[in-house]
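Heads up: numbering here begins at 1 and tracks the sequence.
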Amino acid sequence: MLYILQELEDAKEYESVKYPYTIPQIVAETKVRREEKERMRHQRQEDIVKKMLKLEQWKQELHARIQKKESEAMEAKTRKDRLIEEVRRHFGYTVDPKDSRFKELLEKKEKEQKKAMKDARKKAREDEFLKKLLSKKAPSEQIQEDATGNTEKN
């Protein structure tokens, strides 16, 4: 009888080592994993829906950027063509663009144009700074009267 009890005890120990979790624990663990996977899938679907809603906006932004680059390139080409035409008018006849005099005058015109654009940007920044400065200064220049009736500025 002692021998049978010993074998039973060994079998229980073997079962506890081989299968450390009980069936309810395994079921609970599986349920938790399944719920976690479901939650992750649901969150991913929500993210996809949010991104799909933004897709049209992203497309519009992309098209706007492309349009802006194209317009800037077209503007630069027009500016360059205008400069070339001015140089040709300066000479009074059609000049080969590879001619050294043509290249020198073109470079000179480009430098003048860049300087004019730089001056315009500088003037715009100065005007903006002045406007900002004046808008900040106006509220601080409040006139106060003291007890004698004299006015003074802060």
Q43 side chain to M40 backbone, donor-acceptor under 3.5 Å: no
Test: E9 and K12 ion pair at under 4.0 Å: no
Value rounded to 0.5 Å, distance of CD in E107 from CG in L105: 10.0 Å
Contacts of type side chain to side chain donor-acceptor pair (under 3.5 Å), residue H42, not counting sequence neighbours: E46
Verdict with supporting geometry, K68 and E72, side chain to side chain contact (heavy atoms under 4.5 Å, CB included): CA-CA 6 Å; K68 183 179 176 185; E72 288 174 355; 3.3 Å; yes
E75/R79 ion pair, N-O < 4.0 Å: yes
Cationic N near anionic O, under 4.0 Å, R39 to E36: yes
Gap between atom CG of L62 and atom CH2 of W58 - 0.5 Å precision: 12.0 Å
Pairwise distance CD1(I48) to CG(L55) - rounded to 0.5 angstrom: 12.5 Å
Positive for side chain to side chain contact (heavy atoms under 4.5 Å, CB included) with R33, one of E29, E35, K37: E29
Donor-acceptor contacts under 3.5 Å from residues 109-128 side chains, at least two apart:
{"unit_1": "E110", "atom_1": "OE2", "unit_2": "K80", "atom_2": "NZ", "d": "2.6"}
{"unit_1": "K123", "atom_1": "NZ", "unit_2": "D127", "atom_2": "OD1", "d": "3.4"}

Other cluster members, V27 - Ile/Leu/Val/Met/Phe/Trp/Tyr, side-chain contacts below 4.5 Å: I23
Check against side chain to side chain contact (heavy atoms under 4.5 Å, CB included), E70 and I66: CA-CA 6 Å; E70 287 175 352; I66 291 171; 3.7 Å; yes
Single-linkage hydrophobic cluster L8~Y3, side-chain heavy atoms < 4.5 angstrom: no
Gap between atom OG of S135 and atom NZ of K132 - 0.5 Å precision: 8.0 Å
pair R34-T30: side-chain heavy atoms closer than 4.5 Å: yes
Crowding at CD, E7 (>12 non-hydrogen neighbours, <6.0 Å): yes
Side-chain H-bond candidate by donor/acceptor type, Q57 with E61, under 3.5 Å: yes
